[in-house]
Trainee: 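After the structure tokens below, expect a handful of questions from me.
All values below were derived from every heavy atom in this structure, side-chain atoms included, with hydrogens, water molecules and symmetry-related copies excluded. In the text below, chain A, chain B and the rest are named by the order of the sequence lines, each starting its count at 1.
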There are 2 protein chains.
Amino acid sequence: MSRTTIHDIAKELNTTAATVSRALNNHPSISSATKEVVRKAAQKLNYRQNRAASSLRSGKTYVIGVIIPSAEISFFGSVIHGIEKVAKSQGYSVLLFQTNESYEDEAQGIQTLLQSNVDGIIASIAKETTRYDHFQEVKNRKIPLILFDRAIDELDVPAVVIDDYKGAYMATEHLIRQGYQRIAHISGPQHIQIFHERLRGYVDALKAYNYKVDGDLITYGKVSIDSGRTCTEALLNLPKRPDAIFAVEDFTALGALQAIKETPWNKPGQIGLVGFANEAFSAYITPGLTTVDQQTALMGQEAANIFMNLRQEEPTLVDLPQKIILDPVLVVRQSSLRKKISRRREE
Amino acid sequence: MSRTTIHDIAKELNTTAATVSRALNNHPSISSATKEVVRKAAQKLNYRQNRAASSLRSGKTYVIGVIIPSAEISFFGSVIHGIEKVAKSQGYSVLLFQTNESYEDEAQGIQTLLQSNVDGIIASIAKETTRYDHFQEVKNRKIPLILFDRAIDELDVPAVVIDDYKGAYMATEHLIRQGYQRIAHISGPQHIQIFHERLRGYVDALKAYNYKVDGDLITYGKVSIDSGRTCTEALLNLPKRPDAIFAVEDFTALGALQAIKETPWNKPGQIGLVGFANEAFSAYITPGLTTVDQQTALMGQEAANIFMNLRQEEPTLVDLPQKIILDPVLVVRQSSLRKKISRRREE
DNA sequence: CTGAAAGCGCTAACAT
DNA sequence: ATGTTAGCGCTTTCAG
């Protein structure tokens with residue numbers, strides 16, 4: 001009473017396994033009558049294709065390997081969601097591997113995916129990774145590789161990232177349009193590209209609106225709640241203190257919010273605040289935090305879409321690796337609103 | 001220049017594929033000298049095992065199929081994390097499938113996993129699922145099936161769940177020990193088992209401490225922020241209003257907190273509040289929300305552990321399906337603390 | 001439009 | 001301890 005194979009179906013119908021295989025795969029040279037009969041018999045015998053056998057022969061597995069630091073981080077959970085959604089819609093499955101930000105785990109993950117003959121790999125590089133030989137091997141084996149969020153130009157593969165510069169520009173512009181006069185920025189370590197980009201966006205938005213860029217209003221934190229708190233206290237103690245703060249990400253903004261709330265002279269809504277990332281908590285704190293959404297699920301979908309496009313292309317035709325830069329979305333909540341909103345939002 | 005196979009290695013070493021296979025699989029009847037030589041050659045030729053071929057022959061894939069409603073929900077992201085961690089440590093990979101709470105998707109997911117010959121399936125049943133024929137097929141094919149969070153007794157398979165009763169009991173007990181006198185409960189729809197269990201835990205804790213169970217203090221909401229808010233307003237308008245609230249889950253608690261904050265006569269810390277789930281935001285709102293942690297990552301790990309135990313057992317020996325009931329963990333934050341804490345926490 | 005035959009890369013029974 | 005042989009279930013030439 002072992003599992004039904006195409007031979008069982010062939011025997012039942014007095015035909016051959018080849019015909020059954022073709023019928024089930026909707027091969028054009030099979031009459032629709034036969035196809036129908038075969039499908040019926042397959043259903044009756046409760047047949048399930050054996051993917052291992054199929055892919056051993058055909059070389060295709062219909063599996064996409066996904067490498068992320070951790071599914072527990074909501075950002076990556078959301079990206080997986082987007083990848084799996086697109087994959088499933090095209091008949092692909094997702095094989096998941098977590099690196100815990102470790103190079104060793106990442107290299108091992110790549111090995112596992114290679115052994116599994118995945119048709120493509122979508123990955124976000126671990127923080128600790130500084131060598132890329134494992135990714136190079138993927139490229140050498142001509143397996144489509146797509147990176148997201150943390151892309152490495154040196155690898156020269158397609159990638160999906162968000163436009164941090166633009167997001168920061170939008171956030172700052174929003175505060176300007178709200179009428180704030182002295183807009184501060186709490187940044188992060190400048191060797192991390194995304195933080196540097198956000199600082200650039202902030203500076204350029206100020207310039208575009210003829211605001212003075214005041215070095216005193218730019219502080220460099222460590223990207224944490226505590227750091228946001230400390231930096232904000234320093235900012236609020238300046239002789240000419242800011243009336244709004246753009247924080248480099250939501251946890252920093254949360255610390256800033258706590259510090260603002262504890263300031264004796266502060267009245268609610270007096271100091272504008274914007275974060276970055278649209279973390280789940282940002283909607284639930286009081287006041288609701290205005291922030292920049294990173295379109296995480298879309299990021300996964302786009303990465304999967306790149307794979308879908310890549311997979312039938314001639315390898316020789318792949319000239320320039322595609323790079324998709326997603327538009328961030330400003331999510332306006334209470335924390336950045338002044339009492340009177342004189343102008344409606346422009347696009 | 002195609003991929004290296006064990007035949008290539010065999011040719012290189014003037015031996016046979018069988019020996020190479022055995023050496024690489026650490027077979028006992030191969031001398032350690034040969035093993036060493038084979039391993040070296042494999043490395044030199046950059047050999048990677050072809051899992052499709054291996055599993056076609058051996059019947060084992062070293063893949064665990066995981067079915068969840070959505071990786072975007074942090075609860076499930078966390079469970080996946082736990083599953084993948086254990087799986088990887090035992091040489092298994094995780095094939096992921098999302099159902100979006102739909103029966104059709106779930107059934108299709110099972111088909112995909114069966115075609116992929118996964119060695120086992122770990123699943124959390126979709127909300128819309130009311131028929132279990134697809135899971136029944138998994139059982140019929142003798143593939144280990146483990147459920148988590150949403151278990152179905154009728155399926156008679158091993159499961160990992162959390163003890164909702166106990167969690168609610170602990171939450172209520174905590175409020176009692178803090179000295180609150182009138183402890184209300186905002187529950188949810190009673191046809192959903194977990195909410196019913198939490199209500200039971202609340203009632204039993206009150207009884208255990210000789211508190212009167214007052215029907216006025218038990219309200220039934222719809223498990224949302226808004227519902228938590230509405231229910232709380234009603235509670236606070238009672239002639240004999242509560243001095244503490246145990247909410248059925250964190251979003252309800254969040255609504256309750258908002259309502260409490262807006263009550264004119266309220267002073268901070270006057271009304272105790274406890275939630276359930278330890279959502280990410282619960283740590284970041286003000287005041288921090290005391291809540292009950294559901295040990296999500298552990299849930300995934302335990303489910304994976306059950307699979308690991310099951311996989312080598314004789315199918316005939318599987319008498320009673322294992323059911324693991326995890327202990328919830330009370331996470332105490334500001335929202336439930338009264339000014340004076342007279343007694344230290346007892347175990 | 002269908003059948004015959006070969007083989008993907010590996011492992012396992014049997015032989016030596 | 002190693003070699004020989006067969007075959008897992010499927011797809012894919014090549015023939016007809």
Trainee: Between K139(A) (side chain) and L145(A) (backbone), is there a donor-acceptor pair under 3.5 Å?
Mentor: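 Judged by distance alone, no pair lies under 3.5 Å.
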
Trainee: Ring-plane angle category for F75(A) and F148(A), please: parallel below 30°, perpendicular beyond 60°, tilted otherwise.
Mentor: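 F75(A) vs F148(A) ring planes: tilted.
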
Trainee: Does N117(B) offer a backbone N or O that forms a donor-acceptor pair with the side chain of T61(B) under 3.5 Å?
Mentor: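 Checking the backbone N and O of N117(B) against the side chain of T61(B), a donor-acceptor pair under 3.5 Å is found.
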
Trainee: Could you check how far CG of L56(B) sits from P of dG7(C), rounded to whole Å?
Mentor: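 Taking CG of L56(B) and P of dG7(C), I get 17 Å after rounding.
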
Trainee: Walking along DNA chain D from 5' to 3', note the first and the last nucleotide with an atom under 4.0 Å from a heavy atom of chain A, and give both.
Mentor: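 Answer, 5' to 3': dG9(D) to dT13(D).
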
Trainee: Round to the nearest Å and state the distance from L13(A) atom CG to dT2(C) atom P.
Mentor: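 The answer, rounded to whole Å, is 12 Å.
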
Trainee: Note down the inter-axis angle between the two ends of the helix from dC1(C)-dG16(D) to dT16(C)-dA1(D), five pairs each, to the nearest 10°.
Mentor: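 Comparing the axis at each end, I get an angle of 30°.
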
Trainee: Can you tell me how far C1' of dT2(C) sits from CG of N25(A), to the nearest Å?
Mentor: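 N25(A) atom CG is separated from dT2(C) atom C1' by 16 Å.
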
Trainee: Please figure out whether R22(B) or R51(B) has its closest DNA chain C nucleotide nearer the 5' end.
Mentor: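 On the 5' side of the pair lies R51(B).
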
Trainee: Decide whether a cation-pi geometry holds between K60(B) and Y62(B); the criteria are a distance under 6.0 Å from NZ or CZ to the six-membered ring centre and an angle within 45° of the ring axis.
Mentor: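 Verdict for Y62(B): a cation-pi partner in K60(B).
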
Trainee: Does a side-chain N or O of T16(A) approach OP1 or OP2 of dG3(C) to a distance below 4.0 Å, or not?
Mentor: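 Answer is yes, contact under 4.0 Å.
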
Trainee: Tell me what S55(B) touches on the nucleic acid: a base, only sugar-phosphate, or nothing, going by heavy atoms under 4.0 Å.
Mentor: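 If one applies the 4.0 Å heavy-atom cut-off, S55(B) turns out to touch nothing in the nucleic acid.
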
Trainee: How far does OG1 of T112(A) sit from CD of Q108(A), to the nearest 0.5 angstrom?
Mentor: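 Going from OG1 on T112(A) over to CD on Q108(A), the span is 5.0 Å.
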
Trainee: Within a radius of less than 6.0 Å around CD of E36(B), do more than 12 heavy atoms belonging to other residues, nucleotides or ligands occur?
Mentor: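 Yes, CD of E36(B) has more than 12 neighbouring heavy atoms, counting only those of other groups under 6.0 Å.
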
Trainee: Within this structure, what is the CD-to-C1' distance between Q49(B) and dC10(C), rounded to whole angstrom?
Mentor: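 Checked: the CD to C1' distance equals 8 Å.
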
Trainee: Here's a test for you: under side-chain hydrogen bond (donor to acceptor under 3.5 Å, both in side chains), which of K88(A), E84(A), K85(A) qualifies with Q98(B)?
Mentor: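 Result for side-chain hydrogen bond (donor to acceptor under 3.5 Å, both in side chains) with Q98(B): E84(A).
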
Trainee: Starting at atom CZ of R3(B), determine the distance to atom C1' of dC8(C), rounded to an integer number of angstrom.
Mentor: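 In whole Å, dC8(C) C1' lies 12 Å from R3(B) CZ.
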
Trainee: Which nucleotide wins on minimum distance to the side chain of R57(A), given the candidates dG7(C), dT11(C), dT2(C)?
Mentor: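 Output: dG7(C).
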
Trainee: Counting any heavy atom closer than 4.0 Å, what does S29(A) reach on the DNA or RNA strands: base, sugar-phosphate only, or nothing?
Mentor: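 Counting heavy atoms under 4.0 Å across all strands, the contact made by S29(A) includes a base.
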
Trainee: Please state how far atom NE2 in H7(B) lies from atom P in dC8(C), giving the value in whole angstrom units.
Mentor: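 So the NE2-P distance, H7(B) to dC8(C), works out to 9 Å.
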
Trainee: Return the value, rounded to whole Å, for the distance between atom CZ of R48(B) and atom C1' of dC10(C).
Mentor: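 In whole Å, dC10(C) C1' and R48(B) CZ are 17 Å from each other.
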
Trainee: Side-chain N or O of T15(A) less than 4.0 angstrom from OP1 or OP2 on dG3(C)?
Mentor: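 Yes, T15(A) has a side-chain N/O under 4.0 Å of OP1/OP2 on dG3(C).
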
Trainee: Calculate the interatomic distance between I6(A) atom CD1 and dA5(C) atom C1'; express it in whole Å.
Mentor: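 These atoms are roughly 14 Å apart.
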
Trainee: How would you label the contact of S21(B) with the nucleic acid (heavy atoms, under 4.0 Å): base, sugar-phosphate, or nothing?
Mentor: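 Here S21(B) touches the bases of the nucleic acid.
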
Trainee: When you check the phosphate oxygens OP1 and OP2 of dC1(C), does a side-chain N or O of S31(A) lie under 4.0 Å from one of them?
Mentor: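 For dC1(C), neither OP1 nor OP2 has a side-chain N or O of S31(A) closer than 4.0 Å.
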
Trainee: Measure the acute angle between the ring planes of H134(A) and Y103(A), then classify it against the limits of 30° and 60° as parallel, tilted or perpendicular.
Mentor: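 Taking Y103(A) first and then H134(A), their aromatic rings stand perpendicular (interplane angle over 60°).
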
Trainee: Just by distance, do the side chain of S124(A) and the backbone of D149(A) share a donor-acceptor pair under 3.5 Å?
Mentor: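 Such a contact is absent between S124(A) side chain and D149(A) backbone.
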
Trainee: Would you give the length of the straight line joining atom CD1 of I146(A) to atom CD1 of I306(A), rounded to the nearest 0.5 angstrom?
Mentor: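 Reported value, rounded in 0.5 Å steps: 6.0 Å.
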
Trainee: Counting only side-chain nitrogens and oxygens, does N50(B) get under 4.0 Å of the OP1 or OP2 atom of dC8(C)?
Mentor: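 For dC8(C), OP1/OP2 do not have a side-chain N/O of N50(B) under 4.0 Å.
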
